[in-house]
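For reference, the structure discussed in these notes is given below.
Count residues from 1 along the sequence. What you see below is based on every heavy atom in this structure, not just the backbone, and it leaves out hydrogens, waters and symmetry mates.
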Amino acid sequence: MIRKLVHAARTWIRHRREPLRLEFVLTDHCNLNCKGCTHYSPLAPKEFEDIDTLSKSMMHLGQIAGHKIRRAYLIGGEPLLYPQLTEAMAALRLAFPKARLYIFTNGIALPGMKAAFWNACRRLHYTIAVTRYPIRFDYDAAIELCHKEKVECEVFGDRSMADSFFRFPLDPEGRQNPRMSHFKCYNFGCLSVIGNKLYPCSISACVKHLNNTCGTSFSHTPADWLNVSDITSVKQIKALRNRPVPFCRYCILPPATVKYGPSRREACEWL
């Protein structure tokens with residue numbers, strides 16, 4: 001019992017001390033088809049965030065919290081598919097001039113990226129964060145390409161290993177304890193900006209794709225996000241991160257580890 005209490009206290013302290021980071025979602029569309037994707041990319045239409053709305057959200061959050069943000073990310077889906085990627089990169093650097101900036105990618109599109117992209121990576125000091133997947137793709141060559149282009153590259157995760165995927169199931173009845181789900185959350189701190197809204201995690205932010213495709217009815221309340229334009233302090237952002245939101249009642253934790261596989265676009269992959 002004492003060990004559990006000590007562990008809980010340490011987890012609580014670690015969560016609140018964790019530096020703020022922001023993830024700006026460019027698209028949920030992807031060039032992979034991964035079963036159980038937490039952005040529901042296999043179900044997402046081929047749509048892209050409006051660059052003007054995206055830039056305004058970046059600038060506003062930069063003005064409010066830029067001094068507290070050590071890292072910011074451009075993510076997807078697959079962000080390299082975003083048609084106005086270099087504009088988004090420039091907007092994020094303008095908003096967060098001192099932060100470490102990353103592009104999270106599965107790497108597949110890297111060999112086909114144009115010179116303008118590589119120039120922007122160097123000029124704006126971006127790091128390419130590659131996640132390996134168990135697919136027929138030469139990741140070593142893609143990483144070497146980054147080095148050749150003199151762009152910093154990190155392997156963010158190796159999902160090519162057996163049972164290296166997490167399945168994050170949702171409870172359609174919303175019967176989970178939101179405090180416990182939040183406390184045990186594997187996505188803690190993954191603050192996701194989509195359009196003009198800030199969500200505490202991508203699952204909540206992107207669940208509309210599951211609803212639209214599979215007929216589920218996971219719902220939100222205004223307490224599940226913040227309108228970016230309404231944010232006036234870092235305290236509001238930390239409160240969204242550090243406290244459970246109503247959507248947490250859907251999350252079943254801990255997640256299960258599963259083998260990688262293609263999505264069949266079936267609700268059971270996420271329920």
Any side-chain heavy-atom pair of [X] and [Y] under 4.5 Å:
X    : Y    : answer
I108 : I135 : yes
F168 : L170 : no
V207 : F247 : yes

Closest approach of [X] and [Y], non-hydrogen atoms and distance?
X    : Y    : answer
L145 : P111 : CD2-CA, 3.7 Å
P42  : C34  : CG-O, 3.4 Å
R132 : Y139 : NH1-CB, 3.3 Å
V234 : H67  : CG2-CE1, 4.0 Å
P45  : H29  : O-CB, 3.8 Å
F188 : R241 : CE1-O, 3.2 Å

Without swapping roles, check the side chain of [X] against the backbone of [Y] for a donor-acceptor pair under 3.5 Å.
X    : Y    : answer
E23  : A72  : no
R93  : L124 : yes
D171 : R175 : yes
S41  : D28  : yes
D138 : A141 : yes
R179 : H182 : no
N242 : A239 : no

Quick one about [Y] and [X] (side-chain donor to acceptor, distance below 3.5 Å, no hydrogens or angles considered), yes or no?
X    : Y    : value
N227 : N196 : no
S181 : R249 : no
Q236 : T232 : yes
T105 : E78  : yes
E269 : S263 : yes
S204 : H220 : yes

Identify which one of Y73, F104, Y102 satisfies the ring-ring contact (aromatic ring centres under 6.0 Å, His included) criterion when paired with F156.
F104
Would you kindly confirm whether L20 and I231 end up in one hydrophobic cluster when ILVMFWY residues are joined by side chain heavy atoms under 4.5 Å apart?
yes
If you count heavy atoms of other groups shown closer than 6.0 angstrom to CZ of R167, is the number above 12?
yes
Step through the shown structure and confirm whether more than 12 heavy atoms of other residues, nucleotides or ligands are within 6.0 Å of NZ on K197.
yes
Can you say whether the rings of Y250 and F218 are parallel (under 30°), tilted (30 to 60°) or perpendicular (over 60°)?
perpendicular
Could you go step by step and tell me if R122 and E149 meet the salt bridge (charged side-chain N to carboxylate O under 4.0 Å, His left out) rule?
CA-CA 8 Å; R122 289 189 294 268; E149 293 288 347; 3.1 Å; yes
When rounded to the nearest 0.5 angstrom, what is the spacing between OG in S233 and NZ in K68?
12.0 Å
